[in-house]
Structure formats: C-alpha cells, structure tokens
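Reading through the structure tokens given below for one structure.
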Amino acid sequence: MEPSLSTIGVVGAGQMGHGIAQVAAMSGFSVLLNDRDEQALSKAEDAIESSLEKLVQKERIDAELRDDALGRLSTTTDLKKFADADLVVEAIVENEAIKLDLFSRLDEIVKPEGILASNTSSISITRLAAATSRPEQFIGMHFMNPVPIMKLVEIIEGVATSEQTTETIEAATEKMGKTPVFSSDSPGFLVNRILMPMINEAIFAYHEGIGSIEDIDKAMKLGTNQPMGPLTLADFIGLDTCLSILEVLHDNIGDPKYRPCPLLRNYVDAGWLGRKAGRGFYDYD
Ligand code: CAA
C-alpha cells in the first residue's frame with residue numbers, strides 16, 4: 001500500500017496555488033501556503049475565505065467544513081517551514097529557470113522522503129526533476145482553474161518517477177475529490193496540447209477578421225456546448241500563460257502549427273493579460 005500524506009506545502013499563492021491549498025485543506029490535509037510576497041498571501045487568504053463562503057452558500061459544503069479547512073491552513077513567507085512536509089506542490093510563474101532554482105532550494109529543505117510536485121502546465125517534469133537529488137520522488141500534478149470546481153488533475157511521471165510516488169499522488173488526488181488522468185511527459189501534456197491550439201486558432205480567426213470576438217465565443221459556446229468561448233477562456237487563464245504554453249509547444253515539438261498568433265503576442269506586450277489585468281479580448285473595468 002502507498003504511504004499516505006498528511007502535511008502538504010504549496011509554493012505560490014496565485015490563482016492556482018491558493019486553489020490547491022484550499023482544496024487540500026478541505027480534504028483533511030494540513031496545509032502550509034508559501035509566497036515570498038506577504039500581500040499575495042493575504043490576498044490568497046481572502047480569496048480562499050470567499051470561495052469557501054460561496055461553497056457554503058451553495059450548500060456544497062457545510063459551515064463546519066469551512067471552519068475546519070481554514071483551521072488546517074496556514075501561510076508563511078519562509079520556505080524553510082517546509083522541512084517536514086510530506087508533499088510540496090509548486091505553483092509559481094510558468095518560467096523554467098525560476099522553477100529550477102526553486103526546486104533545487106526545496107530539495108535542500110524538504111525531508112528526504114518528501115515528494116516534490118509541479119503544477120506546471122507544460123514544462124518538462126523530467127527536466128525539473130533533474131534539478132533535485134530525488135527525481136524518483138518528483139512528479140507533475142496539474143490542476144485546472146478554478147481549482148475548487150474543476151474535477152481534473154493531470155498526473156505526469158518524469159523518466160525517473162517511482163511507481164510508489166505515482167501511487168501516493170494518485171491516492172492524494174482522489175482524496176481531494178479529483179479525478180486523475182495520466183499523461184506522458186510531453187509538452188502541454190494532454191489538456192494544453194489540445195486546448196491551446198484551439199484557443200490560438202480562435203485568436204487567428206479574430207486576427208484574420210473571420211468573426212468578431214463575441215461571435216467566435218458564441219459560436220463555440222453554443223455550437224459545441226463549452227461553458228466559456230475560447231477567447232473568454234483565454235482571458236480567464238491569462239494571455240501571458242497562454243502565450244508561454246504555446247511557446248513551449250512550438251519550441252519543443254517544433255511543428256509550425258503551434259506558432260502563437262502575433263496578436264496574442266501584441267496583447268501580452270501591451271499588458272493586456274486578460275481578466276486579472278482588467279483587459280484582454282474583453283474589457284473588465
Ligand atoms: N470557488 C467556489 N465556487 C466557485 C468558484 C470558486 N473559485 N468559481 C466558480 N464557482 C461556482 C459558482 O459559485 C457556481 O456555483 P453553482 O453552479 O452552484 O451556482 C459555479 O461555480 C458556476 O459559476 P458561475 O455561475 O459564477 O459561472 P459559470 O457558470 O460561468 O461557471 C466556470 C464558471 C466554472 C469557471 C465555468 O465557466 C467553466 O467551467 N469554465 C471553463 C473553465 C475551464 O475550462 N478551466 C480550465 C482552464 S485550463 C487550465 O486551467 C489548465 C491550464 O494549464 C491553462
């Protein structure tokens with residue numbers, strides 16, 4: 001039987017990190033959420049409280065679970081507090097050099113039997129694992145946004161990931177009420193390999209004047225029963241994140257079909273990063 005986890009550390013208190021921390025705390029794990037920025041941590045605490053409140057109001061959880069989850073969650077700016085974590089999930093910026101640096105630091109801090117996981121949406125798990133001395137205890141654990149609502153977690157083994165690590169992470173995923181799927185360590189894994197070309201094609205369709213932003217979204221929403229049209233979804237994910245995933249697909253697979261639309265690059269250069277920036281394909285002000 002795989003060993004069970006009790007303490008989970010999450011690095012990065014952004015959209016994904018605080019969602020992962022929330023779901024882990026709701027599922028009975030003791031959770032420590034880290035960010036180097038105090039303000040990001042207090043924003044994350046507010047977001048978690050308001051998400052839990054929403055779930056109580058919708059009667060998806062009761063008030064006792066909300067309070068228990070909040071009681072199991074604490075925050076810190078000090079990575080050294082992760083020394084006793086059974087699992088640390090990284091959810092920082094989608095930048096390989098920054099992740100490599102973080103994982104080599106975590107490798108020195110976290111107890112030798114601890115598992116290190118990355119929530120990367122596209123970067124090679126094998127390459128990240130190689131920055132540590134424990135590649136057999138390293139794995140990809142890719143959650144979807146918004147984490148409290150979306151049921152899927154992609155599990156990605158690196159070349160050296162042990163079977164025991166995978167079994168432990170599969171069990172933890174299920175304990176969090178999520179359904180795992182397994183992807184090999186290939187750029188974009190399963191979801192983004194399929195989703196990002198669709199989003200990119202929607203941006204090309206707008207760029208080439210084939211349809212308006214609203215009609216492209218309406219076409220896919222009403223025509224293919226998606227909860228959000230692809231341009232709304234791109235704004236929701238963040239246009240900078242979409243661009244960096246497309247660049248990983250393009251650079252690593254080498255097929256021109258993954259070339260990011262120039263309009264996407266222009267929007268990112270302009271700081272139009274989507275919903276979080278107040279402006280993307282739509283204006284949120
Ligand atoms: N916490 C708690 N509850 C939340 C929530 C949160 N953070 N976000 C939404 N909800 C709840 C709402 O309260 C609502 O509950 P009820 O159904 O009980 O009323 C429900 O979720 C639906 O929300 P809304 O009514 O506000 O809006 P909606 O119907 O448009 O749903 C959505 C919002 C769930 C985000 C939906 O539009 C959707 O599923 N969109 C697609 C999301 C998606 O594709 N995500 C994956 C992106 S790809 C990714 O994440 C991977 C990557 O690497 C880029």
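As the structure lists them, so they are numbered: ligands from 1, and atoms in each ligand from 1.
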Only one of Ile48, Val10, Leu33 forms a side chain to side chain contact (heavy atoms under 4.5 Å, CB included) with Gln22, so which one is it?
Ile48
I want to check something: taking the side chain as every heavy atom from C-beta on, are Arg72 and Val31 in contact at a cut-off of under 4.5 Å?
no
Look only at interatomic distance and state if Lys58 has a nitrogen or oxygen under 3.5 Å from any nitrogen or oxygen of ligand 1.
yes
Judged on heavy-atom distance to atom 16 (P) of ligand 1, which of His142, Arg60, Met144 sits nearest?
Arg60
Which of Val110, Thr165, Ile115 passes side chain to side chain contact (heavy atoms under 4.5 Å, CB included) with Arg134? It is Val110
Atom 33 (C) of ligand 1 touched by protein heavy atom at under 4.0 Å
no
Report the part of Val191 (side chain from C-beta onward, or backbone N, CA, C, O) that has a heavy atom under 4.0 Å from ligand 1; answer both or neither where that applies.
neither
Atoms of ligand 1 under 4.0 Å from any heavy atom of Ser121, numbered from 1 in the order shown, are 53 (O)
Does Ile125 offer a backbone N or O that forms a donor-acceptor pair with the side chain of Asp185 under 3.5 Å?
yes
Looking only at protein heavy atoms, which one is nearest to atom 54 (C) of ligand 1, and how far off is it?
Ile237 CG2, 3.6 Å
Going by a strict under-4.0 Å cutoff (protein heavy atoms only), does atom 21 (O) of ligand 1 have a neighbour on the protein?
yes
Suppose we measure from atom 43 (C) of ligand 1 to each protein heavy atom; which comes out shortest, and what is that distance?
Met150 CE, 3.5 Å
Judging by distance only, is a nitrogen or oxygen of Ser51 under 3.5 angstrom from one on ligand 1?
yes
Under the criterion side-chain hydrogen bond (donor to acceptor under 3.5 Å, both in side chains), I'd like the reasoning laid out for Glu136 against Thr161: C-alpha separation, chi angles, the key distance, then a yes or no.
CA-CA 4 Å; Glu136 66 292 342; Thr161 308; over 6 Å; no
Return a yes/no value: protein heavy atom under 4.0 Å from atom 5 (C) of ligand 1?
yes
Does a donor on one side chain sit under 3.5 Å from an acceptor on the other, for Asp251 and Tyr258?
no
For atom 9 (C) of ligand 1, which candidate among Asn145, Thr120, Ile149 provides the closest heavy atom?
Ile149
Less than 4.5 Å apart, side chain to side chain, heavy atoms only: is that true for Glu154 and Leu152?
yes
Ignoring hydrogens, tell whether any protein atom lies closer than 4.0 Å to atom 27 (O) of ligand 1; use the non-hydrogen atoms only.
no
For atom 40 (N) of ligand 1, the closest protein heavy atom turns out to be Met228 SD, 3.5 Å
Of the backbone atoms (N, CA, C, O) and the side-chain heavy atoms from C-beta on, which set of Val147 has a member under 4.0 Å from an atom of ligand 1: side chain, backbone, both, or neither?
neither
Considering only protein heavy atoms, which is closest to atom 36 (C) of ligand 1, and at what distance to one decimal place?
Pro227 CB, 4.0 Å
Does NZ in Lys43 sit with more than 12 non-hydrogen atoms of other residues, nucleotides or ligands closer than 6.0 Å?
no
Protein contact of atom 12 (C) of ligand 1 - nearest heavy atom, named by residue and atom, plus distance:
Lys54 CD, 4.0 Å
Would you say Glu214 has more than 12 foreign heavy atoms packed within less than 6.0 Å of its CD?
yes
Criterion side chain to side chain contact (heavy atoms under 4.5 Å, CB included) against Glu94, the qualifying member of Val248, Asn119, Thr120
Thr120
Which residue and atom name correspond to the protein heavy atom nearest atom 48 (S) of ligand 1, and how close is it?
Leu195 CD2, 3.6 Å
To the nearest 0.1 Å, how far is atom 44 (O) of ligand 1 from its closest protein heavy atom, and which atom is that?
Leu233 CD1, 3.6 Å
If every non-hydrogen atom of His250 is compared with every non-hydrogen atom of Arg259, which pair is closest and at what distance?
CD2-N, 3.6 Å
I'd like to check atom 24 (P) of ligand 1 in this structure: does the protein have a heavy atom lying under 4.0 Å from it?
no
Mark yes or no: Lys175 above the aromatic ring of Phe29, with NZ or CZ under 6.0 Å from the six-membered ring centre and no more than 45 degrees from the axis.
yes
For atom 52 (C) of ligand 1, state which one of Leu52, Asn192, Thr241 supplies the nearest heavy atom.
Asn192
